[in-house]
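To start, the structure itself, in structure tokens.
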Amino acid sequence: MATQMQRDAARKNVKQAQAGAREKRTITKLSKQTRSALGREGAKAAARKRGASEGTGTGAGAMTVTELRREAAALDVEGRSKMSKAQLMRAVGHKRRSRSS
């Protein structure tokens with residue numbers, strides 16, 4: 001499940017995008033940070049639509065690389081800083097399974 005800070009950030013990004021649309025600005029004229037955040041939100045929504053769990057707390061496919069790295073740090077995964085998203089997803093999933101057994 002998303003944290004309050006994540007929900008607040010998403011709300012802020014949506015409001016910025018709406019303000020830009022009101023001014024008839026295209027998304028390309030928004031700041032890079034806002035475009036990036038909107039892209040992440042869209043990717044999460046698409047992942048949930050594909051069947052990932054609700055939110056980003058448990059569905060590794062719906063998590064961003066940053067979120068996966070945080071989860072890997074909490075699970076004490078070795079070499080996480082140099083891993084790709086796919087590698088992080090596998091490592092986090094493996095570590096979760098080994099801890100629950």
Side-chain angles (χ1 to χ4, degrees):
M1 186 178 294
T3 65
Q4 184 63 41
M5 185 182 290
Q6 289 170 326
R7 286 191 297 270
D8 291 343
R11 191 174 300 117
K12 178 183 169 201
N13 290 330
V14 168
K15 285 183 180 185
Q16 281 183 320
Q18 289 170 337
R22 278 193 298 274
E23 295 173 12
K24 299 199 188 274
R25 291 172 42 192
T26 65
I27 196 164
T28 58
K29 293 181 182 176
L30 293 173
S31 72
K32 183 176 180 179
Q33 184 180 8
T34 302
R35 287 193 318 268
S36 212
L38 288 170
R40 280 193 303 277
E41 292 302 316
K44 287 179 192 177
R48 285 192 298 271
K49 206 172 199 180
R50 285 192 307 269
S53 65
E54 192 173 323
T56 60
T58 57
M63 297 172 87
T64 64
V65 175
T66 304
E67 291 169 331
L68 283 165
R69 284 201 178 114
R70 283 189 195 127
E71 181 75 16
L75 294 170
D76 198 32
V77 173
E78 296 280 328
R80 63 187 170 270
S81 64
K82 295 185 181 354
M83 290 184 184
S84 68
K85 181 174 182 176
Q87 290 169 324
L88 281 165
M89 286 171 45
R90 281 192 297 273
V92 166
H94 178 72
K95 201 72 152 172
R96 282 180 180 166
R97 283 189 297 277
S98 68
R99 282 205 170 176
S100 65
S101 297

### Query
Distance from T34 atom OG1 to Q16 atom CD, nearest 0.5 Å?
3.5 Å

If the condition is side-chain contact (heavy atoms from CB on, under 4.5 Å), which residues does [X] pass it with, not counting sequence neighbours?
X	result
A91	V77, M83
V14	Q18
R90	A86, Q87
S81	none

### Query
What pairs with E41 under side chain to side chain donor-acceptor pair (under 3.5 Å), at least two apart in sequence or on another chain?
none

### Task
With sequence neighbours left out, write down each residue that passes side chain to side chain donor-acceptor pair (under 3.5 Å) with Q4, or none if nothing qualifies.
R7, D8

### Query
Hey, does E67 have a side-chain heavy atom less than 4.5 Å from the side chain of Q6?
yes

### Message
Which heavy atom of R99 sits nearest to which heavy atom of L75, and what is that distance?
### Response
NH2-O, 3.5 Å

### Query
For the residue pair L38 and N13, what are the closest heavy atoms and their distance?
CD2-O, 4.0 Å

### Query
Is it true that E71 and K95 have a side-chain N and a carboxylate O under 4.0 angstrom from each other?
no

#### Entry: Candidate pair R69 and K85, rule side-chain contact (heavy atoms from CB on, under 4.5 Å), full reasoning
CA-CA 9 Å; R69 284 201 178 114; K85 181 174 182 176; over 6 Å; no

